[in-house]
There are 2 protein chains.
Amino acid sequence: MKLEILTKSENREIQNTIITKIRDLINFKNLEPGDKLPSERMLSEKFGVSRGNVREAIQTLEYYGILKTIPQSGTFVANIGVIAMNGMIEDILRLVDPDFKSLVETRILLELKTARLAALRRTNVDLQSMRNALDAYTAKVLNGEDAVQEDLLFHLAIAEASGNSTMIRLMLIITPGILTNFEKYHVCDVNQAFIGIQEHEDIYKAIESKDPKLAKEKMKVHFKMLYQYCYNIKD
Amino acid sequence: MKLEILTKSENREIQNTIITKIRDLINFKNLEPGDKLPSERMLSEKFGVSRGNVREAIQTLEYYGILKTIPQSGTFVANIGVIAMNGMIEDILRLVDPDFKSLVETRILLELKTARLAALRRTNVDLQSMRNALDAYTAKVLNGEDAVQEDLLFHLAIAEASGNSTMIRLMLIITPGILTNFEKYHVCDVNQAFIGIQEHEDIYKAIESKDPKLAKEKMKVHFKMLYQYCYNIKD
DNA sequence: CCAACCAATCTGGTTAACCAATTTTAATAC
DNA sequence: GTATTAAAATTGGTTAACCAGATTGGTTGG
């Protein structure tokens, strides 16, 4: 068989066609939750793609809870009905690289909540790691250095203090997209960094004094610039 | 070399140790953004693991934007400083399977927002797909059938109407965990399904009439039961 | 002395062969 | 006929070999 190296985009396209074919197979054969899919080898032959591609597509569907593979046994339709499955796969196929606006919008949403929860649940250990991140940030800014990393760590420390593992996970997931776009659009400037010191302090104090409402309010202030910027860029 | 099949948990443990070693390598060798990592073969030998394991660990770090691999060239440290990198890796290593409470908490947070945004941005097409999902849900409930799937589709339709691709993605990510836990804890009952019809209708009408505040409010009502249940189960 | 070029080498990506556990099948004993 | 058991086929998981593009170092022509 001919070998070829695929770009991320090409590979994604192949994955999507395989996912589509698996969906059609399930629908056409009326497979129900618990039923077994044909083996990976059989699917790769039927679809005319490599077994590796089939495995990758199956892993994606497993990630979203639609399939379930059992070693040395087979791949099974998860305990989720065909209707929900078709709806979810439709969304999965439509997934695209997120736009900056939606990333920022989501980040603000998440962080307003983590700030609030952190104020309710923060331990002394949480408080200390937030303090450390904040001090590192302040030191760098006052020294005229770039401090986006320390900024990020402060916000991650808040997420940890929220005690919500899912929100930490989601924050980590959207972080790369945020970072690359920050570079591309040059969102931060020096002035903002200086202002950021006080804003960070305000958030910290609110969380320290266990005032959820204030914490959320101060976080909102902190994101005001970003919010406006985000809603002014062209779509 | 001896072959062995690993469970998900064992594999995760290996991945974490490899990620740790990669982090230590970057720190010890003072690798900076843009610098090249040793080749996969070299790493696999140095760490005493298979090349496949190394690739998998690299892919994870790439997923979170910490590494960047270029075909036929090498794996590079992404344009993110060592400080942020160490902080993020620490969080990545700590990631665990999310608990039900954090999942529900996050879902409610996301959906209050998607409802609000949907009220602001919904197109007529969005409205129609929401209507379809709602009708399917109502029909099943009135027929005494289980309608969790249709319920899910209605909520996904709202997420789509929000016009925020990132939130759709996050919704899809947390959905599997929600579904499996719903089964495990038997959250839904028939009465709730009946009540759900009216609650869904209220949400739909609010979005239809482009009233963001009302949409959020009705969504909050819809989640009231779930919210209470979630905060009453033992941690 | 430098730039252009070429071949040897190294890289991540891909495939095919292999492994062990499972499942199915068939043969056998009762 | 039925239950039991063993062997053969099938499964997803894993590894080692291979591929083509990128890199590198040395060589050559100017």
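The shown structure was predicted, so the numbers you read here are calculated from the model rather than taken from an experiment. Numbers restart at 1 for each chain; the letters A, B, ... are given by sequence-line order, proteins then strands.
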Original post:
Given C:dT23, is OP1 or OP2 found less than 4.0 Å from the side-chain N or O atoms of A:Ser73?
Top reply: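 Yes, such a contact exists.
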**OP:** Would you please confirm or rule out a distance under 4.0 Å between OP1 or OP2 of D:dT11 and any side-chain N or O of A:Thr75?
**Re:**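 So the side-chain polar atoms of A:Thr75 never come under 4.0 Å of the phosphate oxygens OP1 or OP2 of D:dT11.
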Length of the [atom1]-[atom2] vector between [X] and [N], whole Å:
X	N	atom1	atom2	value
B:Ile70	C:dT11	CD1	C1'	11 Å
A:Gln15	C:dG13	CD	C1'	14 Å
B:Gln72	D:dT24	CD	C1'	16 Å
A:Asn53	C:dT15	CG	C1'	11 Å
B:Glu45	D:dT15	CD	C1'	16 Å
B:Glu56	C:dG13	CD	P	14 Å
B:Asn11	D:dG13	CG	C1'	10 Å

Original post:
If you measure from the Lys or Arg side-chain nitrogens to the Asp or Glu carboxylate oxygens, is any gap between B:Arg51 and B:Glu56 under 4.0 Å?
Top reply: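 Salt bridge flag = no for B:Glu56 with B:Arg51.
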Subject >> NZ/NE/NH1/NH2 to OD/OE distance under 4.0 Å, B:Asp91 and B:Arg94 >> reply: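 Answer for the salt bridge query: yes.
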Under 3.5 Å, is there a donor on one side chain and an acceptor on the other for [X] and [Y]?
X	Y	result
A:Asn86	A:Glu90	no
A:Ser162	A:Thr114	no
A:Ser129	A:Asn132	no

Subject >> Quiz item: A:Arg41 side-chain donor-acceptor pair to D:dG12 base, under 3.5 Å >> reply: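 It does, because a donor-acceptor pair links the side chain of A:Arg41 to the base of D:dG12 below 3.5 Å.
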**OP:** Please work out if B:Gly52 contacts a base, only the sugar-phosphate, or nothing of the nucleic acid, heavy-atom cut-off 4.0 Å.
**Re:**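 The residue B:Gly52 makes no contact with any strand.
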Side chain of [X], heavy atoms from C-beta onward: which of [options] has the nearest atom to it?
X	options	value
B:Arg51	C:dG13, D:dT14, C:dT22	C:dG13
A:Ser50	D:dG13, C:dT15, C:dG13	C:dT15
A:Arg55	C:dT14, C:dT11, D:dG12	D:dG12

Original post:
Taking everything shown except A:Asp97 itself, do over 12 heavy atoms lie less than 6.0 Å from its CG?
Top reply: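 No, CG of A:Asp97 has 12 or fewer neighbouring heavy atoms, counting only those of other groups under 6.0 Å.
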Subject >> Atom NZ of B:Lys68: over 12 foreign heavy atoms under 6.0 Å >> reply: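 No, the 6.0 Å shell around NZ holds no more than 12 heavy atoms from other groups.
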**OP:** Using a cut-off of strictly less than 4.0 Å between a heavy atom of the residue and any atom of DNA chain C, enumerate the qualifying residues of residues 30-40 of chain B by number.
**Re:**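 Hits under 4.0 Å, by residue number: B:Ser39, B:Glu40.
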